[in-house]
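Note that the structure is predicted; figures quoted are calculated from it, not measured.
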Amino acid sequence: MKLQEFEVLYLEKKTENYTVYVCKKKDSILKYRVLEITEHNKIAEYVAFFSNLKYRHFHGDFCIDECYYLVFTQPEGVPIDKNADISKVAQSFVKAFARENMPPAIAMPLLSLECMYIFNDEITFAYIPPITNIKCSKELFYKKLADFIRKICPVQQCEEVHTWLMDLENGEFKHLLYAFQCMPEIRNIPESTHRDMKKVFIVIKMLLILLLCVGAVLLLRQQIPKFIKEIYYDGEIEHIGEINVNEE
């Protein structure tokens with residue numbers, strides 16, 4: 001694979017350590033993301049990882065001078081609007097990762113809305129450096145995925161969702177496809193509903209306090225007469241000091 005095979009459509013992003021080009025091949029309408037890596041301390045790591053990688057959205061790598069190039073599929077769709085209700089597509093995150101079945105080392109850096117596009121209500125991925133996290137295991141990725149879902153859907157979820165997230169991060173699912181099949185609906189509870197729930201909670205709390213107070217009063221009403229009876233002896237007095245009052 002050579003750089004000359006690609007026609008640059010536009011430059012998407014440029015930093016000190018990398019540049020992202022959106023390209024197409026001269027004999028194809030398919031679009032590609034060509035990543036130009038100039039961060040030298042990362043190039044050796046990337047070469048070692050990608051030299052034997054078989055993954056359908058990775059199309060190859062090559063070097064020119066001191067730069068290293070990685071070629072991925074350019075995702076269809078548009079970047080996710082960070083201000084939108086992300087909970088509506090939360091299940092699509094898990095579905096996308098399950099569908100792609102990518103190595104955890106590649107999946108981990110994609111846990112960012114910056115790396116996600118949406119197309120026909122499906123999630124596709126835009127690869128940008130850092131491309132890999134070579135220390136990431138499947139177990140660690142599942143934990144980070146659960147944290148990511150909690151972060152993008154921060155409102156209180158139902159008990160089913162809470163249990164599912166706990167099972168995900170505790171490694172109860174052997175494969176993400178099974179996790180997706182077991183996944184309950186995730187949705188944000190409207191703020192008005194939250195306020196109503198808080199009001200209900202306050203009312204219930206006050207009722208419980210009132211019931212406790214009433215119970216305490218009733219208990220005292222039962223116990224005080226007994227207490228007084230024990231203090232004040234109401235029988236016949238037989239002694240005053242050392243004098244027996246019954247002696248003639």
Exercise. Taking only Lys NZ, Arg NE, NH1 and NH2, and the carboxylate oxygens of Asp or Glu, determine whether K31 and E76 approach each other closer than 4.0 Å.
Key: no
Quiz item: When hydrophobic residues are tied together by side-chain contacts of less than 4.5 Å, even through go-betweens, does V71 share a cluster with L11?
Solution: yes
Quiz item: Are Q74 and Y32 close enough that a side-chain donor and a side-chain acceptor fall under 3.5 Å?
Solution: no
Quiz item: Given D147 and K151, is the side-chain contact (heavy atoms from CB on, under 4.5 Å) satisfied, shown in steps?
Solution: CA-CA 6 Å; D147 289 341; K151 182 180 178 180; over 6 Å; no
Quiz prompt | pair T38-T19: side-chain heavy atoms closer than 4.5 Å | solution = no
Quiz item: When the ring centroid of Y142 is compared with that of F173, is the distance short of 6.0 Å?
Solution: no
Self-check item: Shortest non-hydrogen separation from R33 to T73 and the atoms involved
Solution: CD-O, 3.8 Å
Quiz item: Counting only N and O atoms by type, is there a donor-acceptor contact under 3.5 Å from the side chain of K144 to the main-chain atoms of P109?
Solution: no
Quiz item: Roughly how far, to the nearest 0.5 Å, is the NZ atom of K138 from the CG atom of L145?
Solution: 13.0 Å
Self-check item: S112 versus F148, closest heavy-atom pair with distance
Solution: N-CE1, 4.0 Å
Quiz prompt | CE on M183 to CG on D167, rounded to 0.5 Å | solution = 12.5 Å
Self-check item: CD/Q181: more than 12 non-hydrogen atoms of other groups inside 6.0 Å
Solution: yes
Exercise. List the atom of V34, the atom of C23, and the distance in Å for their closest heavy-atom pair.
Key: CG2-SG, 3.7 Å
Quiz item: Taking atom OH of Y178 as the centre, does the number of heavy atoms from other residues, nucleotides or ligands within less than 6.0 Å exceed 12?
Solution: no
Self-check item: Partner of F72 under ring pair (Phe, Tyr, Trp, His ring centres under 6.0 Å), chosen from Y55, Y21, F58
Solution: F58
Quiz item: How far does CE of M116 sit from CG of L110, to the nearest 0.5 angstrom?
Solution: 6.5 Å
Self-check item: Candidate pair H175 and N101, rule side-chain contact (heavy atoms from CB on, under 4.5 Å), full reasoning
Solution: CA-CA 9 Å; H175 194 281; N101 194 27; 3.6 Å; yes
Practice problem: Determine, step by step, whether F141 and N133 satisfy the side-chain contact (heavy atoms from CB on, under 4.5 Å) criterion, reporting the C-alpha distance in whole Å, the side-chain angles of both residues, the deciding distance to 0.1 Å, and the verdict. | Solution: CA-CA 10 Å; F141 172 67; N133 183 331; over 6 Å; no
Practice problem: Go through K25 and E5 one step at a time and tell me if the salt bridge (Lys or Arg N to Asp or Glu O under 4.0 Å) criterion holds. | Solution: CA-CA 6 Å; K25 287 189 175 183; E5 296 179 31; 3.7 Å; yes
Quiz item: Can you name the nearest heavy-atom pair linking Y117 to G77, along with the distance?
Solution: CD2-O, 3.6 Å
Quiz item: OH/Y69 to CG/D61 distance, rounded to the nearest 0.5 angstrom?
Solution: 12.5 Å
Self-check item: Geometric class of the F97/F125 ring pair [parallel <30°, tilted 30-60°, perpendicular >60°]
Solution: tilted
Practice problem: Name the orientation class of the two ring planes belonging to H57 and Y127 (parallel below 30°, tilted from 30 to 60°, perpendicular beyond 60°). | Solution: tilted
Quiz prompt | Flag side-chain contact, heavy atom, 4.5 Å: I152 against F93 | solution = yes
Self-check item: Minimum side-chain heavy-atom gap M108-L140 below 4.5 Å
Solution: yes
Exercise. Rounded to the nearest 0.5 Å, what's the gap from OG on S137 to NZ on K143? Could you check?
Key: 8.0 Å
Quiz item: Between atom OG1 of T132 and atom NZ of K42, what is the distance when rounded to the nearest 0.5 Å?
Solution: 5.5 Å
Self-check item: Minimum heavy-atom distance L30-K24, with the two atoms named
Solution: O-CB, 3.3 Å
Quiz item: Are L113 and I106 connected, step by step, through hydrophobic side chains (Ile, Leu, Val, Met, Phe, Trp, Tyr) whose heavy atoms are closer than 4.5 Å?
Solution: yes
Exercise. Decide whether Y10 and V20 are clustered together by the hydrophobic rule: side chain heavy atoms of Ile, Leu, Val, Met, Phe, Trp, Tyr closer than 4.5 Å, transitively.
Key: no
Practice problem: Of all the heavy-atom pairs spanning P129 and Y18, show the shortest one and how long it is. | Solution: CG-CG, 3.4 Å
Quiz prompt | Sidechain-backbone polar pair: T15 side chain, N17 backbone, donor-acceptor under 3.5 Å | solution = yes
Practice problem: Could you give me the CA-CA distance, side-chain angles and deciding distance for E172 and M166, then say whether side-chain contact (heavy atoms from CB on, under 4.5 Å) is met? | Solution: CA-CA 9 Å; E172 297 297 326; M166 291 293 292; over 6 Å; no
Exercise. Treat each ILVMFWY residue as a node, draw an edge where side-chain heavy atoms are under 4.5 Å apart, and state whether I128 and F119 are in one component.
Key: no
Self-check item: Hydrophobic cluster identity match, L177 and V94, side-chain contacts under 4.5 Å
Solution: no
Quiz item: So, the side chain of W164 versus the backbone of A179: is there a donor-acceptor pair under 3.5 Å, distance only?
Solution: yes
Quiz item: Has the side chain of Q91 got a donor or acceptor atom that lies under 3.5 Å from a matching backbone atom of P184?
Solution: yes
